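Below is one structure, written out as structure tokens, with a few remarks after it.
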Protein chains: 2
Amino acid sequence: MKKEEMVKILGDKEIQASYHRLKILEFLIDNRIHPSVDDIYKKLLHEIPTLSKTTVYNTLKTFTDKGIVSIVTTEEDEIRYDYSEEPHLHFKCKKCGTLYDIFHNCEILKQKEIDGHLIDEHHLYFRGICRKCRKEKGGN
Amino acid sequence: MKKEEMVKILGDKEIQASYHRLKILEFLIDNRIHPSVDDIYKKLLHEIPTLSKTTVYNTLKTFTDKGIVSIVTTEEDEIRYDYSEEPHLHFKCKKCGTLYDIFHNCEILKQKEIDGHLIDEHHLYFRGICRKCRKEKGGN
DNA sequence: TTCTCTGCAAACGCTTTGCACGGAT
DNA sequence: ATCCGTGCAAAGCGTTTGCAGAGAA
């Protein structure tokens, strides 16, 4: 993604575009792997040797507060971050650990209300064995 | 619930029935509030003054390993425990913090496969304003 | 006696906080 | 000069680990 586009994404949410913020945003956009703070930190450390983990925390806090990224929690108690425009659900493989985005057209994702409760966030998340690991039955 | 029933629940999963385990199980069954470790610990401390948090952790680990309780994670990074027989979904109110069980007959809860991935756990979780807080518009 | 549950205390790891430096306006 | 992003170091806090004592079989 072009730098100007990312500056605009930040600007639209009233976030000033610093070098670090752009790098972190770029990483989130280019790597839809739902990275943890540590993933981001370790990867960017190669490009920004002086990077501090605190900055990654600060930046992600800013991004989540402003709604640019969302938090994905799994019962493994690891926090991962997700840059995403459209609502979708997640599938996590118990075997290989991969977290998949699934764009499934299910009605419950569109539901605005349930049992009288007003919904404004949908978190749908499945666990099991992914299609890749199903094929590799012998492996692992 | 009668003690014998609870002993059976544990026995079925090959867990020995100690006093502490029965108390913790009883608490989970009687209080479907998705308590945290601390909730359980604080409540039971009144009945078992010598109770240690380690024991609560140990017991919950045993229970989750054996599948008696499941873990509910919310993006607030708090771990809560859920004793529950039938699959259901959760709704968390952003205002009052209550976590509701919702027994909704939706197809996606029954789905065994998605995009070729084999599903064996469904975690559906919504956030918003609950029906109680919607009514109390003025309050809080 | 042996095995397992329990519980204290310390260790651990992730995240937050306090504060000071430095760059941008 | 001021503001704010950055980053070190320390604190904080929930959870896990090591180990020893107690209790059941």
Side-chain angles (χ1 to χ4, degrees), chain A residues 3 6-7 9-11 13-28 34-66 68-81 97, chain B residues 3 6-7 9-11 13-28 34-66 68-81 97:
Chain A
K3 192 188 160 191
M6 296 196 300
V7 171
I9 289 171
L10 295 181
K13 303 282 184 175
E14 293 169 325
I15 302 170
Q16 286 203 25
S18 76
Y19 178 70
H20 294 68
R21 285 175 179 166
L22 286 173
K23 278 291 177 190
I24 291 171
L25 179 61
E26 182 182 42
F27 182 83
L28 286 162
H34 314 85
S36 65
V37 165
D38 210 56
D39 293 333
I40 300 169
Y41 172 70
K42 282 190 182 135
K43 281 285 184 182
L44 290 183
L45 202 56
H46 298 130
E47 295 180 60
I48 318 168
T50 64
L51 181 67
S52 152
K53 224 176 211 177
T54 304
T55 298
V56 181
Y57 277 110
N58 288 338
T59 304
L60 288 172
K61 176 142 189 20
T62 305
F63 286 180
T64 50
D65 286 352
K66 300 288 183 171
I68 288 184
V69 303
S70 61
I71 294 174
V72 187
T73 32
T74 70
E75 70 280 9
E76 274 96 40
D77 193 20
E78 41 173 19
I79 301 179
R80 292 160 164 234
Y81 294 85
Chain B
K3 192 189 159 192
M6 295 196 300
V7 171
I9 290 172
L10 296 182
K13 302 283 182 174
E14 295 169 322
I15 302 170
Q16 286 201 27
S18 74
Y19 178 72
H20 294 69
R21 285 175 180 166
L22 286 171
K23 278 292 178 191
I24 292 171
L25 179 61
E26 182 182 42
F27 182 84
L28 285 163
H34 314 86
S36 65
V37 165
D38 210 56
D39 293 334
I40 300 169
Y41 173 70
K42 281 190 182 134
K43 282 283 183 182
L44 290 183
L45 202 57
H46 299 131
E47 296 180 58
I48 318 167
T50 63
L51 181 67
S52 151
K53 222 175 214 178
T54 304
T55 299
V56 181
Y57 277 110
N58 287 339
T59 305
L60 287 173
K61 177 144 189 17
T62 305
F63 287 0
T64 49
D65 285 351
K66 300 287 183 173
I68 287 184
V69 304
S70 61
I71 294 173
V72 188
T73 32
T74 69
E75 70 281 8
E76 274 95 44
D77 193 20
E78 41 174 19
I79 300 180
R80 294 161 163 233
Y81 294 86

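Below, chain A is the first sequence line, B the second, and so on; all start at residue 1. Scope of the values below: all heavy atoms of this structure, side chains included, with no hydrogens, waters or symmetry mates. Keep in mind the model is a prediction, meaning the values are calculated, not measured.
- If you take OH of A:Tyr19 and C1' of D:dT6, they are 14 Å apart, rounded to a whole angstrom.
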With 3.5 Å as the limit, what N/O pairs link the protein to nucleotides 19-24 of chain D?
none

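- For the contact set between residues 39-56 of chain A and DNA chain C, defined by any heavy atom under 4.0 Å, the members are A:Thr54.
- Distance A:Ile24 CD1 to D:dT6 C1': 11 Å, rounded to the nearest Å.
- Within the 4.5 Å cutoff, the side chain of B:Thr55 has no heavy atoms near those of the B:Tyr41 side chain.
- Distance B:Leu10 CG to C:dT4 P: 17 Å, rounded to the nearest Å.
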Could you walk me through whether B:Lys43 and B:Asp39 pass the salt bridge (Lys or Arg N to Asp or Glu O under 4.0 Å) check? CA-CA 6 Å; B:Lys43 282 283 183 182; B:Asp39 293 334; over 6 Å; no

Side-chain donor-acceptor distances from residues 14-25 of chain B under 3.5 Å, at least two apart:
residue, atom, partner, partner atom, Å
B:Ser18, OG, B:Arg21, N, 3.2
B:Arg21, NH1, B:Gln16, O, 3.1
B:Lys23, NZ, B:Glu47, OE1, 2.8

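- Atom NZ of residue B:Lys66 and atom CD1 of residue B:Ile9 lie 15.5 Å apart, to the nearest 0.5 angstrom.
- The structure places CG of A:Leu45 at 10.0 Å from NZ of A:Lys53, a figure rounded to the nearest 0.5 Å.
- A:Tyr57 has a side-chain polar atom (N or O) that falls below the 4.0 Å cut-off from OP1 or OP2 of C:dT15.
- Look at NZ on B:Lys23: it is 17 Å from C1' on C:dC5, rounded to the nearest Å.
- Taking atom CG on A:Asn58 and atom C1' on C:dT17, their separation rounds to 10 Å, with Å as the unit.
- When the C1' atom of D:dG14 is taken as reference, atom CG of B:Leu60 falls 14 Å away, rounded to whole Å.
- One atom, CG of A:Asp38, and another, P of C:dT16, lie 14 Å apart when rounded to the nearest Å.
- A donor-acceptor contact shorter than 3.5 Å is absent between the side chain of B:Asp65 and the backbone of B:Thr62.
- Between A:Tyr81 and A:Ile71, some side-chain heavy-atom pair lies under the 4.5 Å cut-off.
- Here the OG1-CD1 distance, from A:Thr59 to A:Ile40, works out to 9.0 Å after rounding to the nearest 0.5 Å.
- Nearest to the side chain of B:Ile79, among D:dG5, D:dT15, C:dC5, sits D:dT15.
- Expressed to the nearest 0.5 Å, how far CD1 of B:Ile68 lies from CE of B:Met6 amounts to 11.0 Å.
- With rounding to whole Å, A:Glu14 atom CD is found 16 Å from D:dC4 atom C1'.
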